[in-house]
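Please read the structure below before turning to the comments.
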Amino acid sequence: MLKISEMARLADTTRRTLIFYDEAGVFSPAEKNAAGYRYYDYGQLYDLLFILGLRKLGLSISQIKAVQGQATPELGPQLVTIQNRLDQKIAELSRIRSIIDQKVQQQAPTPLPHYVPRLV
C-alpha cells in the first residue's frame, strides 16, 4: 500500500489534488484507516494518471465522472472524442514549436572568431 504522499509523487501531482479527487468522488483511496489516512494500491496509479491526463486536456470533474460512470462499450465514442482533442493539442503544439524553431534560427548569433593570444 502507498501513502498519499507516495502516490502523489509517483503521479507527479500533489497530496491536495488526491484529497480533492477523493472528496469529489473521482478517485478514492483503496483504504482509509480510522484516523483518516489514505492508502492506495499500485494498481490505482494507472487510473490516476488517466484522470490527470483528462484534466490536462481540459475536461471538468463532472465530465471525468461521466466518463468513469460509463460501461466499456459506451465509453468508445467518449474516448474517440478525447483522442481528437489530444490530436488537436498535439497539432497546435507542433505549430508553436515550428514557429519557435524559426525564431531561434533567425536569432542565432554568428560565431565569434576564436581568441588567439599574441605575444607583444
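Bear in mind that the values here come from a model prediction, so they are computed numbers and not experimental data.
Partners of D101 according to the side-chain hydrogen bond (donor to acceptor under 3.5 Å, both in side chains) rule, which considers only residues two or more places apart in sequence or in another chain, are R97. Residues that satisfy the side-chain hydrogen bond (donor to acceptor under 3.5 Å, both in side chains) test with R16, not counting sequence neighbours, are absent from this structure. When the side-chain hydrogen bond (donor to acceptor under 3.5 Å, both in side chains) test is applied to T81, no partner is found at least two apart in sequence or on another chain.
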Checking L59 against I82 for the side-chain contact (heavy atoms from CB on, under 4.5 Å) test, could you report, in this order, the C-alpha distance in whole Å, the side-chain angles of both residues, the deciding distance, and whether it holds?
CA-CA 9 Å; L59 272 72; I82 292 168; 4.1 Å; yes
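For the pair L48/Y21, a side-chain contact is recorded, criterion being any heavy-atom separation below 4.5 Å from C-beta on.
Atom CD1 in I61 sits 11.5 Å away from atom CD in E23 (nearest 0.5 Å). L45 contributes atom CG, which lies 8.0 Å from atom CG of L2 (distance to the nearest 0.5 angstrom). L57 CG to I64 CD1: the interatomic distance, rounded to the nearest 0.5 Å, is 9.0 Å. The line from CG of L18 to OG1 of T13 is 6.0 Å long, rounded to the nearest 0.5 Å.
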Show me the side-chain donor-acceptor pairs of residues 84-96 shorter than 3.5 Å, one per line, residues at least two apart or across chains.
| from | atom 1 | to | atom 2 | distance (Å) |
| --- | --- | --- | --- | --- |
| N84 | ND2 | V80 | O | 3.4 |
| S94 | OG | I90 | O | 3.0 |

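Sorted by first and then second residue, the salt bridge (Lys or Arg N to Asp or Glu O under 4.0 Å) pairs involving residues 2-13 (not counting sequence neighbours) form an empty list. The list of side chain to side chain donor-acceptor pair (under 3.5 Å) pairs with a residue in residues 35-58, not counting sequence neighbours, reads D22-R38.
With hydrogens and angles ignored, the 3.5 Å screen pairs no side-chain donor or acceptor of Q102 with any backbone N or O of I99.
At a threshold of 4.5 Å between side-chain heavy atoms, the hydrophobic network of Ile, Leu, Val, Met, Phe, Trp and Tyr places M1 and F27 in two separate groups.
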